[in-house]
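Proteins come first, then strands; the chains are lettered A, B, ... in the order of their sequence lines, and each starts at number 1.
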Amino acid sequence: MNSDRITETAYLQRIVPALLEWYPGHRRDLPWRVHPLPYYVWISEVMLQQTRVETVIPYYRRFLKELPSVGDLACCPPEKLMKLWEGIGYYSRARNLQKAAKVVMEVYGGCMPDTKEELLKLPGIGSYTASAISSIAYGRCEAAVDGNVLRVSTRLLEDSGCIDEPKVKKRWEKIWTAVMRQYQESCPEKGSFPGTFNQAMMEIGATVCVPGGAPACSRCPLSAFCLAHLHEGELLYPVRKTKRPRRVEKRTVLLLTDGGRIALRKRSGKGLLAGMWELPNEEGTLTREEALSYAEKLGLSPLRIRPLPHARHVFTHIEWEMTGWQVLAETLEDLKTCGMEPAGQAAAAAETAADRTGLSVSGAWALASVQQAETQYAIPAAFSAYLKVAGIRPKAMLQRERKESAVPEAGYEGSHGSR
DNA sequence: AAGTCGGGGCT
DNA sequence: AGCCCAGACTT
């Protein structure tokens with residue numbers, strides 16, 4: 001076992017020169033690679049957790065424009081923070097980011113810690129992200145092992161270990177960290193090596209040794225070392241557990257409107273889509289009559305009701321099959337004083353007390369114009385089909401900025417060795 | 001070890 | 001329709 005590891009490390013040591021030679025000519029110019037400051041690397045890495053590079057880029061630009069420093073993040077109003085994260089998913093990432101920013105301000109005087117050990121103590125920073133920050137921003141030899149690196153690694157050595165198992169990931173972290181430290185000893189002059197090494201591995205995983213279909217081995221600088229390629233078995237790796245099926249949930253979404261504004265409801269601070277704004281919705285499939293009486297129960301006096309198209313939204317472990325009703329009422333003001341279910345009332349009151357936002361919120365409800373819904377309320381994509389009916393585009397703000405900053409791609413030169 | 005937590009793009 | 005993505009956290 002132990003001797004195996006020594007053998008693996010010695011074998012993999014040989015790929016380092018090929019990797020480092022390949023990287024400068026093939027790296028993508030990504031915004032967070034221009035000036036790899038700790039804060040920038042941190043934000044980018046958290047956004048990139050389970051999220052594609054192309055998706056992240058506009059979010060990253062806008063986030064740093066609005067919150068250029070750790071201090072700005074630490075004191076950002078939560079509603080604004082969630083709006084900046086709207087549509088990118090896994091919203092606890094944003095909340096943890098702010099929690100960690102407050103710790104960095106209070107404990108570390110506004111300066112990100114530089115060791116993996118210290119970084120790991122911050123909420124939202126796990127093994128991968130801690131290694132990425134300490135290597136890319138601080139030049140420390142910590143292997144950042146993500147899905148890309150695991151795919152490249154298991155193919156390189158025909159490792160049949162299941163990459164869902166923590167022990168497999170830990171094993172590769174140890175192997176690559178050993179490889180990095182040995183190389184660093186032989187070439188101690190290059191301080192940017194750790195960041196370059198990690199990013200080069202991920203770059204190969206993202207652009208060459210790709211999932212879903214055949215990898216581009218003819219373009220791979222590591223193909224000569226790759227056992228899977230040698231045996232034409234690239235597609236056999238990595239091995240993953242089969243995922244269990246999603247739970248299907250039927251929901252009915254209500255688009256309550258007075259012709260000018262719509263009703264939004266704030267979700268619980270815990271669980272799915274925590275703290276986000278939503279269109280009021282109920283489990284199950286409501287008939288026209290049931291939808292009407294629901295609106296009345298909320299204190300409204302419906303004038304008209306019409307069915308909306310069915311819609312589906314797929315989460316990681318749940319699937320919503322939605323049906324919708326649009327209910328027109330003379331006024332929505334009654335929602336503000338009525339319509340709260342007893343169970344949700346205490347929680348909602350506690351939440352509104354907890355984060356003062358300045359928005360027109362009363363209890364867990366808000367009345368929003370199209371303009372306000374697009375610019376002030378963070379609403380998850382799950383409701384986009386029904387928001388569209390009301391003329392609301394959930395990510396309108398992001399699209400706007402995407403156009404404005406379409407041309408000036410940040411990287412020109414001067415960001416070579418990735419530091 | 002298994003479950004929770006989003007959304008989108010590609011096969 | 002299924003897969004996976006620069007994963008982390010809770011139980």
Measure from CE on Met47(A) to P on dA8(C) and round the result to the nearest Å.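 Nearest whole value for this atom pair: 16 Å.
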Between dA6(C) (C1') and Trp172(A) (CH2): distance, integer Å: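 Rounded to whole Å, this separation is 18 Å.
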Please confirm whether any donor atom in the side chain of Arg28(A) sits under 3.5 Å from an acceptor in the base of dA6(C), or the reverse.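 Yes, the side chain and the base share a sub-3.5 Å donor-acceptor pair.
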Check this for me: does the side-chain of Thr51(A) come within 3.5 Å of the base of dG8(B) through a donor and an acceptor?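 No, no donor-acceptor pair under 3.5 Å.
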Side-chain H-bond candidate by donor/acceptor type, [X] with [Y], under 3.5 Å:
X	Y	answer
Arg261(A)	Gln372(A)	no
Tyr90(A)	Gln50(A)	no
Glu118(A)	Tyr108(A)	yes
Lys116(A)	Ser131(A)	yes
His231(A)	Glu158(A)	yes
Ser153(A)	Trp176(A)	yes
Thr177(A)	Glu142(A)	no

For Lys241(A) and for Ala382(A), find the nucleotide of DNA chain B with the closest heavy atom, then tell me which residue's nucleotide is more 5'.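 Nearer the 5' end of the strand: Lys241(A).
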Could you tell me whether [X] contacts a base, only the sugar-phosphate backbone, or nothing, with contacts defined as non-hydrogen atoms closer than 4.0 Å?
X	value
Val46(A)	nothing
Ile88(A)	base
Gly87(A)	sugar-phosphate
Ser44(A)	nothing

N/O (side chain, Arg244(A)) to phosphate O (OP1/OP2, dT4(B)) under 4.0 Å: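 For Arg244(A), the contact criterion (side-chain N or O under 4.0 Å from OP1 or OP2 of dT4(B)) is met.
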Considering residues at least two apart in sequence or located in another chain, which fulfil the salt bridge (charged side-chain N to carboxylate O under 4.0 Å, His left out) criterion with Arg93(A)?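 Here no residue qualifies.
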Pair Phe383(A) and Trp320(A), ring centroids less than 6.0 Å apart: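 Under 6.0 Å, so yes.
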Can you list, by residue number, the residues of residues 308-322 of chain A that have a non-hydrogen atom closer than 4.0 angstrom to DNA chain C?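 Within this stretch, nothing sits under 4.0 Å of the strand.
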Report, one pair per line, the protein and nucleotides 9-11 of chain B atoms (nitrogen or oxygen only) whose separation is under 3.5 Å.
none

